[in-house]
Structures are given as C-alpha cells and as structure tokens.
Amino acid sequence: MRNIKMIIQYDGTRYKGWQKQTEDINTVQGKLESILGNMTGEEIQLVGCGRTDTGVHAINYTANFHTNSTMNTDDMHKYLNDKLPDDIAVKSIKNASERFHARYNILSKTYMYRINNSGIKNVFDRKYIHSIDEKLNIEKMRECAAVLVGTHDFQSFTTLKSKTKSTVRTINFINIEDNDGIIEIDVNGNGFLWNMVRIILGTLIEAGKEKLSPEDVKNILETKKRAEAGPMVPAKALFLKDVEY
C-alpha cells in the first residue's frame, strides 16, 4: 500500500473547518476525501496535520493517505485540481515513506494573522484581514508576546473544557511585523489547543491597545482561567502558514 503526502491550500470561508464531521456538514477534509474516493475507487481516510476552525484558511496544509491505486502522482495532482472547487487546491503530491504521518511527525506549526491598522479601508482584502481602527502599540504587543514564548500551561488561552488533557504547550516564537499599518503576526509552536492561537492574538491586541502589560499576561498564564485572557479574534484573518517535520 502506498502512502501519499499532499500539501494543500484552501480558503476556509465557506467550510466548517478542516475536520470531517457528518455527511451534511461542509468541511475541507470531507470534500477532499470524496474526490479521492472517486479517483481511487477506495474509501480514503485522509490524515491531516491538525484541525482548523470554521473560517480559518491554510497556505500550506499537510495531509497524507494510503491507497492501493497505481495512478502516478502527476496524474493524481491533475485529477484533484480538476475536480476540486476553486477554494481548495493541491499544491504538491508525492509518494512518502510508510512511516510518514501528517499529524504525529510534526515538529512545529506556524499560524499567521493579518490586521489592517492603517486606517484605510481595503475592499478587496476585507474578507481576509481583521480591521482595527484604534492605533496599536506594536512594541507593547512584542513585550507581551515575549512572555508567552516558551513552555507554559496555556489553560487560560483555550476554550477546551477537558480536565484530562494536558494544556501545556511550547511557543517557539511570536513575530510581529508592521508594514505601513498592515500587521502580520506569526505564531510558531509545537502544537495548539482549541482556539489557542485566536485567544493569544486577542490578548496581544489588548496589549496593543495598552490595556494589558507583560505582568498582566504573566498573571493570565498563572491564573489558568479563560476569562482572564483577551477576546478571541475573528477566524477570517487566520492562516495556517507552515508545518515543519
């Protein structure tokens, strides 16, 4: 049996996230598995590198599947992109080693968030960027981001209700760049809890509005209470940017 690795790009606007749920719920995984099944004549189970929330996008999403199909990867690539809707594309597809697993082999993931803080509306970008009129203090955001880098219990930064699953994660870096009022924030970590990235970003925006200090962020981590952290930012401006193996 062959193990096939794919890099996928998708606009998550009209999907209920990555993960397949029931047949009548529109998800990226469900759409891909349906087309892969038609292509191979098999019931395909696609392994993704993680869940993405409803409305979140992906620039480089990694997935793999097993198949007995003898179709070469060039023909698979063409077939998939011919059949997929315009908001999902396969960027690359190739044979992988039997041991490759899109979720279990991950070293880190990078999410990117985009904020329009220029004060100038952009009608063409509006579906993929979060507009904030109040001028953000980038240095304050960076100072508070530095508190979150490292290994911490991120219980305050998730909507996960489970009492049994660990909420300890490692953030490797948070980079914040301001290009004439277009702010891009990259968050890289070894794994993320449910809604963790969106809550981190909401907290950093509060810091940018000078409502939170680095000491406040440290206290938020220590309290382990979701209510203490910032609001969850809209999904439309969040992209899974890269996955490292």
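- Hydrophobic clustering of Ile, Leu, Val, Met, Phe, Trp and Tyr side chains at less than 4.5 Å, counting indirect connections, unites F65 with I106.
- Note on K78 versus D74: no salt bridge recorded, every NZ/NE/NH1/NH2 to OD/OE distance being 4.0 Å or above.
- Between I182 and I115 there is no side-chain heavy-atom pair separated by less than 4.5 Å.
- Distance alone, capped at 3.5 Å, is enough to place a donor-acceptor pair between the R126 side chain and the V123 backbone.
- Checked for salt-bridge contact, R142 and E139 meet the test: a charged N lies under 4.0 Å from a carboxylate O.
- Aromatic ring centres of F239 and Y113: separated by at least 6.0 Å.
- Hydrophobic cluster membership differs between M112 and I200, with clusters built from Ile, Leu, Val, Met, Phe, Trp and Tyr side chains linked at under 4.5 angstrom.
- Looking at N188, N60, D186 one by one, the single match for side-chain hydrogen bond (donor to acceptor under 3.5 Å, both in side chains) with K241 turns out to be D186.
- Checking side-chain atoms of H57 against main-chain N and O of L240 turns up no donor-acceptor pair under 3.5 Å.
- The cationic group of K109 does not satisfy the cation-pi geometry with Y111, failing either the under 6.0 Å distance to the six-membered ring centre or the 45° limit from the ring axis.
- Checked for salt-bridge contact, E210 and K140 miss the test: no charged N lies under 4.0 Å from a carboxylate O.
- Counting all heavy atoms, side chain and backbone alike, M1 lies closest to N68 at CG-OD1, 3.5 Å.
- Of the possible polar contacts, one joining the N3 side chain to the F100 backbone as a donor-acceptor pair under 3.5 Å is found.
- Under the 6.0 Å cut-off for aromatic ring centres, Y15 and Y10 do not qualify, their centroids lying 6.0 Å or more apart.
- Counting only heavy atoms from C-beta outward, the side chains of T27 and E33 never approach each other to under 4.5 Å.
- In summary, K127 and D11 do not engage in a salt bridge, as defined by a charged side-chain N under 4.0 Å from a carboxylate O.
- In terms of modelled atom types and a separation under 3.5 Å, the side chain of D216 and the main chain of S213 share a donor-acceptor contact.
- In this pair, Y104 and H101 present their aromatic rings parallel. The plane angle is below 30°, not in the 30 to 60° band.
- The closest side-chain heavy-atom distance from R51 to W194 is not below 4.5 Å.
- Placement of V47 and W18 in two distinct hydrophobic clusters is found when ILVMFWY residues are connected by side-chain heavy-atom separations under 4.5 Å, directly or transitively.
- No side-chain donor-acceptor contact under 3.5 Å links S34 to the backbone of G30.
- A side-chain donor from one of T170 and T151 sits under 3.5 Å from a side-chain acceptor of the other.
- S108 and N190 share no donor-acceptor pair across their side chains, judged by distance under 3.5 Å alone.
- Although no hydrogens or angles enter the test, the distance criterion places no donor-acceptor pair under 3.5 Å between the side chain of T67 and the main chain of R2.
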